[in-house]
Amino acid sequence: MAASAGPEIERLISLLAKLPGLGPRSARRAALALLKRREQLLVPLAASLVETAEKVVSCSVCGAPDTRDPCAICADDARDNGLLCVVEEAGALWAMERSGAFRGKYHVLGGLLSALDGVGPEHLRIAELVGRARGGVREVVLALPATVDGQTTAHYVAERIAGQGVEVTSLARGVPVGGELDWLDDGTIVQALKARRPT
Ligand code: ZN
């Protein structure tokens, strides 16, 4: 395709197009919005990206991205260390936090088991989870997607934790959970958490 703008702008568009939910067309619209609002949007965004890229780390405890290690949630002594919520990615963690219904701690797996995509337990933070579950956790809440991979992962995790005196529960079914948590309103998340059941 012939470039219709300078190489820097084409590069910006091609990078934006890699973002979830943005194709080439949306990326062009986003780039145009940035270029039209150079001082209000483009310059502050560029500075924010540089700052975030320099400071972002994965929390060595839960695996969530933050600018501190341990992250703000893991370092919060007011939260319940005995309650651990397992999520696929940090997006679900952020959704749970927005709902304000969960006062325990989290564990980010970094994906789901998938035979099709060749994702095995060794690719996820499952060993770390088993280790944490041994250390004084009384309940592990699985907030994983209601997809085949999500449920396969949930069963595998539940089996690995079983026999350690830890209760394993899942968010209530009937409401979309896990990977779709980002899209749920806070009230639905609160309900799914309240109605969680033993796995
Ligand atoms: Zn953490």
Side-chain angles (χ1 to χ4, degrees), residues 19-20 48-114 119-147 149-162 164-172 176-186 188-190 192-194 196 199:
L19 294 173
S48 170
L49 288 172
V50 169
E51 190 180 25
T52 305
E54 280 171 357
K55 292 186 178 171
V56 70
V57 288
S58 272
C59 174
S60 56
V61 180
C62 72
D66 203 333
T67 51
R68 290 178 280 177
D69 184 20
C71 73
I73 292 173
C74 287
D76 185 351
D77 291 333
R79 301 183 72 112
D80 186 351
N81 273 313
L83 192 57
L84 203 56
C85 180
V86 177
V87 293
E88 177 188 0
E89 294 291 356
L93 183 163
W94 293 337
M96 293 282 287
E97 283 299 289
R98 275 200 312 273
S99 80
F102 187 73
R103 294 303 298 163
K105 301 215 168 162
Y106 295 92
H107 192 86
V108 181
L109 291 178
L112 297 172
L113 294 175
S114 170
V119 182
E122 70 278 13
H123 299 112
L124 305 176
R125 301 182 66 259
I126 290 178
E128 290 90 335
L129 171 61
V130 174
R132 288 181 78 187
R134 282 198 194 107
V137 171
R138 59 174 198 285
E139 181 182 346
V140 170
V141 184
L142 302 174
L144 298 170
T147 58
D149 287 347
Q151 293 312 298
T152 302
T153 308
H155 286 130
Y156 181 82
V157 167
E159 264 179 28
R160 287 286 304 270
I161 297 171
Q164 298 184 32
V166 179
E167 188 181 7
V168 182
T169 57
S170 291
L171 291 194
V177 293
E180 305 89 355
L181 273 179
D182 308 23
W183 304 98
L184 291 187
D185 64 88
D186 298 348
T188 310
I189 293 177
V190 173
L193 191 57
K194 271 188 187 161
R196 67 185 186 272
T199 299

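One-based numbering, in listed order, for ligands and for the atoms of each. Only heavy atoms go into these numbers, but all of them, side chains included; no hydrogens, no water, no symmetry mates. Quick caveat, the model's predicted, so the values are computed rather than measured.
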For the Zn ion (ligand 1), how many protein N, O or S atoms lie at less than 2.8 Å?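 For the Zn ion (ligand 1), protein nitrogen, oxygen or sulfur atoms under 2.8 Å: 4.
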When rounded to the nearest 0.5 angstrom, what is the spacing between CG in Leu112 and OH in Tyr156?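 Separation between the atoms: 14.0 Å.
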Is the shortest heavy-atom distance from the side chain of [X] to the side chain of [Y] under 4.5 Å?
{"X": "Gln164", "Y": "Val137", "result": "no"}
{"X": "Ile161", "Y": "Leu129", "result": "yes"}
{"X": "Leu109", "Y": "Glu88", "result": "no"}
{"X": "Asp80", "Y": "Arg138", "result": "yes"}

Write down the atom of Tyr106, the atom of Arg132, and the distance for their closest heavy-atom approach.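 Of all heavy-atom pairs spanning Tyr106 and Arg132, the closest is O-NH1, 2.6 Å.
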